[in-house]
Amino acid sequence: RAKAVGRRTSMRYDAAMDLDVQRRATLSAALRTVLDRNELSMVYQPRLSLNGGHIAGVEALLRWHSPEHGQIHPTQFIPLTEENGMILEIGQWALREACRALATWRSAGLMDIPIAVNVSSLQLLRGDFPQVVERVLAQTGIPANRLELELTESVLMDNPAESSVSLQQFRRLGVNLAIDDFGTGYSSLSYLKRLPITMLKIDKEFIDDLPRDTDDAAITTTIIAMGHSLGLTVVAEGVETASQAQWLRDHRCDEIQGYWLAEPMPAESIAQFVQARSWAETTAS
Ligand code: C2E
Ligand code: MG
Ligand code: MG
Ligand code: MG
């Protein structure tokens, strides 16, 4: 398994590296005006609870449609916004947009489940980020326990002291914290135990070849057991098949997210999706 080992020991794959220098410069410049030109939008992907069968939350994901450059994938443009600093403004826009969407769903009585927002390391390392989040929650009227922030391992490992201060502030507010792409970084048990996180999201890389791949099955089983021993909710990302879902249920994974359940969708569709699911659940029981 040289392929997997190589990937797992290197830094997380940065799709922006595939772009040539000219294209990177062009897109980076275009990103400076995306907010003024209204080129960003959010889509939402649900997570299913394997215990209750209900929708446990939705993750907000950025989309960029540029009239000049077409649809650009987040794995390509997020790294560029981290280089040119636009991630601070764009990240805040994404957070506000997601909270606004939830506020709309709540007031219309459509759904009231946690919303997950991805946070870049640059945002987290800004000392004022907890205040930014607190302000957005106050402005949109969203209770802190309806918000989940998804962080990656690398920022927590590279800046343990700084990130730990912010994390404690979030927990005091009541905001939930997830580690995204778990297993791809340099996770260690001791840091997991020290950080006030509430959820682990197992990276799709370990889910892809389940249930057939015995290495991935062993790794996933271990992550689930470890997460549970620390009192964390364990989520599998990128679940695409019924047999993956069944295996994860048999192995006590708490929640799944992936195309098997649903692809990310616009705000209007997700509210309908969640309603239809909870209706089916009520009538089935
Ligand atoms: P992520 O946070 O790990 O999000 C999961 C990604 O996997 C999403 O890609 C989602 O569309 C995709 N996905 C979900 N289920 C499946 C599946 O069954 N099969 C496959 N092949 N893919 C699946 P997306 O939306 O392209 O986002 C990619 C990454 O970009 C995210 O990974 C996240 O790291 C970053 N990102 C997206 N939105 C934001 C944002 O608002 N802020 C920040 N800082 N990063 C973001
Ligand atoms: Mg995420
Ligand atoms: Mg992920
Ligand atoms: Mg694999």
Side-chain angles (χ1 to χ4, degrees), residues 11-16 31 34-35 39-48 56-65 71-101 114-126 129 132-133 136 147-155 176-185 187 197-210 223 233-245 248 255-267 270:
M11 287 296 289
R12 187 146 184 80
Y13 175 69
D14 178 349
L31 281 163
V34 280
L35 289 173
E39 292 175 5
L40 295 180
S41 60
M42 301 302 283
V43 289
Y44 301 89
Q45 188 181 35
R47 290 197 315 265
L48 180 73
V58 294
E59 178 174 9
L61 296 157
L62 266 171
R63 291 294 177 262
W64 177 22
H65 181 81
Q71 191 81 25
I72 323 276
H73 203 257
T75 55
Q76 297 198 316
F77 75 78
I78 297 282
L80 298 176
T81 66
E82 288 172 335
E83 275 169 26
N84 71 13
M86 280 301 291
I87 188 63
L88 294 176
E89 264 182 75
I90 290 176
Q92 195 166 325
W93 181 87
L95 173 71
R96 179 167 285 121
E97 191 67 16
C99 288
R100 258 202 220 125
I115 192 143
V117 177
N118 292 283
V119 172
S120 147
S121 56
L122 259 88
Q123 292 174 278
L124 188 68
L125 294 178
R126 288 275 302 227
F129 187 54
V132 168
V133 171
V136 171
L147 179 65
E148 296 167 349
L149 298 177
E150 297 196 359
L151 317 159
T152 52
E153 288 167 272
S154 54
V155 55
N176 293 300
L177 301 169
I179 299 194
D180 206 349
D181 307 334
F182 188 78
T184 58
S187 349
I197 52 166
T198 44
M199 179 181 284
L200 286 186
K201 298 187 81 174
I202 308 175
D203 195 78
K204 176 180 188 306
E205 169 178 342
F206 302 104
I207 308 303
D208 278 342
D209 301 325
L210 293 179
I223 296 176
T233 301
V234 182
V235 182
E237 294 192 85
V239 175
E240 295 184 344
T241 68
S243 59
Q244 289 169 346
L248 288 159
E255 297 174 10
I256 56 172
Q257 183 176 339
Y259 294 171
W260 179 69
L261 175 66
E263 290 189 25
M265 57 188 104
I270 187 77

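Here, residue 1 is the first one in the sequence, and each next residue gets the next number. Counting convention: from 1, in listed order, for ligands and their atoms alike.
The L61 neighbourhood of ligand 1 comprises atoms 4 (O), 8 (C), 10 (C), 11 (O), 25 (O), 37 (C), 38 (N), with distances under 4.0 Å to a heavy atom of that residue. Ligand 1 places these atoms under 4.0 Å from at least one heavy atom of P264: 11 (O). Residue-ligand proximity, D181 to ligand 1, at heavy-atom distances under 4.0 Å covers atoms 3 (O). Atoms of ligand 1 found under 4.0 Å from any heavy atom of Q45 (numbered from 1 in listed order, with element): 14 (C), 15 (N). Those atoms of ligand 1 that come under 4.0 Å of a heavy atom in A94, given as number and element, are 41 (O). Short contacts between ligand 1 and E240, defined as distances under 4.0 Å to a heavy atom of the residue, involve ligand atoms 17 (C), 18 (O), 19 (N), 20 (C), 21 (N). Within ligand 1, counting atoms from 1 as listed, the ones closer than 4.0 Å to a heavy atom of D180 are 1 (P), 2 (O), 3 (O).
In this structure, the side chains of F77 and L62 come closer than 4.5 Å at one or more pairs of heavy atoms. With contacts defined as side-chain heavy-atom distances shorter than 4.5 Å, the pair K201/E59 qualifies.
Residue E263 does not touch ligand 1, judged by heavy-atom distances below 4.0 Å. Contacts between I78 and ligand 1 below 4.0 angstrom, taking non-hydrogen atoms only, involve the side chain exclusively. Contacts of S120 with ligand 1, taken as heavy-atom pairs under 4.0 Å, involve both backbone and side chain. When heavy-atom distances to ligand 1 are checked against a 4.0 Å cut-off, T152 has no atom that comes that close, whether in backbone or side chain. At a 4.0 Å heavy-atom cut-off, ligand 1 does not touch K201 at all. Residue contacts with ligand 1, taken as heavy atom pairs separated by less than 4.0 Å, do not involve Q257 at all. Looking at V239 against ligand 1, only its backbone comes within 4.0 Å, counting heavy atoms.
Listed by chain and number, the residues in a side-chain contact (heavy atoms from CB on, under 4.5 Å) with H73 are T75, Q76 (sequence neighbours excluded). Remark: R126 engages L88, D128 in a side-chain contact (heavy atoms from CB on, under 4.5 Å) (not counting sequence neighbours). Residues passing the side-chain contact (heavy atoms from CB on, under 4.5 Å) test with S121, sequence neighbours excluded: V155.
Close N/O approach between Y259 and ligand 1 is found [any backbone or side-chain N/O within under 3.5 Å]. Checked by distance only, ligand 1 and Q123 stay at 3.5 Å or farther apart across all their nitrogen or oxygen atoms. Residue T75 has no nitrogen or oxygen atom sitting less than 3.5 Å from a nitrogen or oxygen atom of ligand 1, judged on distance alone.
Taking only non-hydrogen atoms, the option from L40, L62, L261, L151 nearest to atom 40 (C) of ligand 1 is L62.
Evaluated for a side chain to side chain contact (heavy atoms under 4.5 Å, CB included) with P264, the options L61, I270, V58 yield exactly one hit, L61. With respect to L147, the side chain to side chain contact (heavy atoms under 4.5 Å, CB included) criterion is satisfied by exactly one of V133, V136, L177, N176: V133.
For the Mg ion (ligand 2), the nearby protein N/O/S atoms, meaning those under 2.8 Å, are E59 OE2, N118 OD1, E150 OE1, D180 OD2.
Counting only distance, with no hydrogens or angles, the side chain of Q244 and the backbone of D208 share a donor-acceptor pair below 3.5 Å.
Between I207 and A236 the shortest heavy-atom distance is CD1-CB, 3.8 Å.
Not a single heavy atom of G91 lies less than 4.0 angstrom from ligand 1.
Heavy-atom contacts from other residues, nucleotides or ligands closer than 6.0 Å to CD of E240 number more than 12.
There is no side-chain donor-acceptor pair under 3.5 Å between E39 and H65.
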